[in-house]
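Here is the structure we will look at, set down as structure tokens.
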Amino acid sequence: DEDAESESGDTQSTIPIVDGIGTVISKLRVLVKAFRKSPLKNDALQRTLKNDNLHEKQLTLDVKTRWNSMVRMVDSYLKIRPQVTKALIDIHEQHLDFTIDEVTILQSVLDNLKPIELVVHKLNEARSSLFVLLLDELTKLPTSQFNFDLVNNLTGRIEERRTPLW
């Protein structure tokens with residue numbers, strides 16, 4: 001019975017986190033749209049940025065069909081979060097601001113998506129392939145006979161499969 005309770009308890013504790021992420025991302029979309037569609041709100045944000053000796057910046061809205069645009073949206077908000085909060089206070093729209101827990105969720109989303117974005121960008125480079133990235137990671141591991149054999153075998157197989165382009 002204890003195992004069943006702990007299993008169901010684990011499942012129940014993960015569901016609110018996933019729901020929480022979706023809710024926080026939706027709330028961020030609302031906030032970004034509010035600043036992008038309202039000259040009053042945007043002017044307040046730009047004034048706050050200027051007062052803090054920062055350049056003009058816009059919050060980035062994601063495109064739901066492009067997963068990496070969420071990274072840009074969350075990153076753009078977190079970089080100027082204090083100024084967004086000040087601007088919301090100035091225009092009496094504090095209800096749009098985020099709690100510390102919500103900011104923690106956004107930071108976690110960013111921290112977990114950034115490495116994925118980095119690998120995807122590397123894979124999209126002309127010379128990169130999954131095997132090259134894998135070999136790069138394997139060569140960073142402590143040397144052992146298994147590691148040595150694995151790297152040599154993978155390198156050999158890659159060389160066998162490569163065909164000249166000309």
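Just so you know, residue 1 is the first one in the sequence shown, and it goes up from there. These numbers come from a predicted model, not from an experiment.
- Between the CZ atom of Arg47 and the CD1 atom of Ile91 there is a distance of 9.0 Å, given to the nearest 0.5 Å.
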Which atom pairs, one a donor and one an acceptor, fall under 3.5 Å between side chains of residues 52-60 and the rest of the protein, sequence neighbours left out?
unit_1 : atom_1 : unit_2 : atom_2 : d
Asp52  : OD1    : Lys86  : NZ     : 3.3
Asp52  : OD2    : Gln83  : NE2    : 3.0
Asp52  : OD2    : Lys86  : NZ     : 3.0

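- Screening Thr48, Val103, Asp97, Ile80 against Thr85 for a side chain to side chain contact (heavy atoms under 4.5 Å, CB included) leaves a single residue, Asp97.
- For the pair Val24/Phe98, a side-chain contact is recorded, criterion being any heavy-atom separation below 4.5 Å from C-beta on.
- Two residues are said to be in side-chain contact when any heavy atoms from C-beta on lie closer than 4.5 Å; Leu96 and Lys41 meet this criterion.
- Atom CG of Asp90 is separated from atom CG of Asp43 by 12.0 Å, given to the nearest 0.5 angstrom.
- At least one side-chain heavy atom of Leu31 sits less than 4.5 Å from a side-chain heavy atom of Leu28.
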Exercise. After noting the C-alpha distance and the side-chain angles of Phe35 and Leu61, does the key distance pass the side chain to side chain contact (heavy atoms under 4.5 Å, CB included) rule?
Worked result: CA-CA 10 Å; Phe35 276 99; Leu61 183 62; over 6 Å; no
Exercise. What do the steps show when you test Tyr77 against Val84 for side chain to side chain contact (heavy atoms under 4.5 Å, CB included), and what is the final call?
Worked result: CA-CA 8 Å; Tyr77 168 72; Val84 170; 4.0 Å; yes
Problem set entry | Steps toward salt bridge (Lys or Arg N to Asp or Glu O under 4.0 Å) verdict (Lys79, Asp75) | CA-CA 6 Å; Lys79 282 181 179 174; Asp75 194 37; 3.2 Å; yes
For this session: Take Val74 and Ile25 through the side chain to side chain contact (heavy atoms under 4.5 Å, CB included) test and state the conclusion after the steps.
Result: CA-CA 8 Å; Val74 173; Ile25 294 297; 3.9 Å; yes
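- The hydrophobic cluster containing Leu40 does not contain Ile89, counting ILVMFWY residues as joined when their side-chain heavy atoms lie under 4.5 angstrom apart, directly or transitively.
- Linking Ile, Leu, Val, Met, Phe, Trp and Tyr whenever their side-chain heavy atoms come within less than 4.5 Å leaves Ile100 and Val109 in two separate clusters.
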Got a list of side-chain donor-acceptor pairs under 3.5 Å for residues 111-118, not counting sequence neighbours?
unit_1 : atom_1 : unit_2 : atom_2 : d
Asp111 : OD1    : Gln107 : NE2    : 2.8
Asn112 : ND2    : Ser108 : O      : 2.7
Asn112 : ND2    : Ser108 : OG     : 3.4

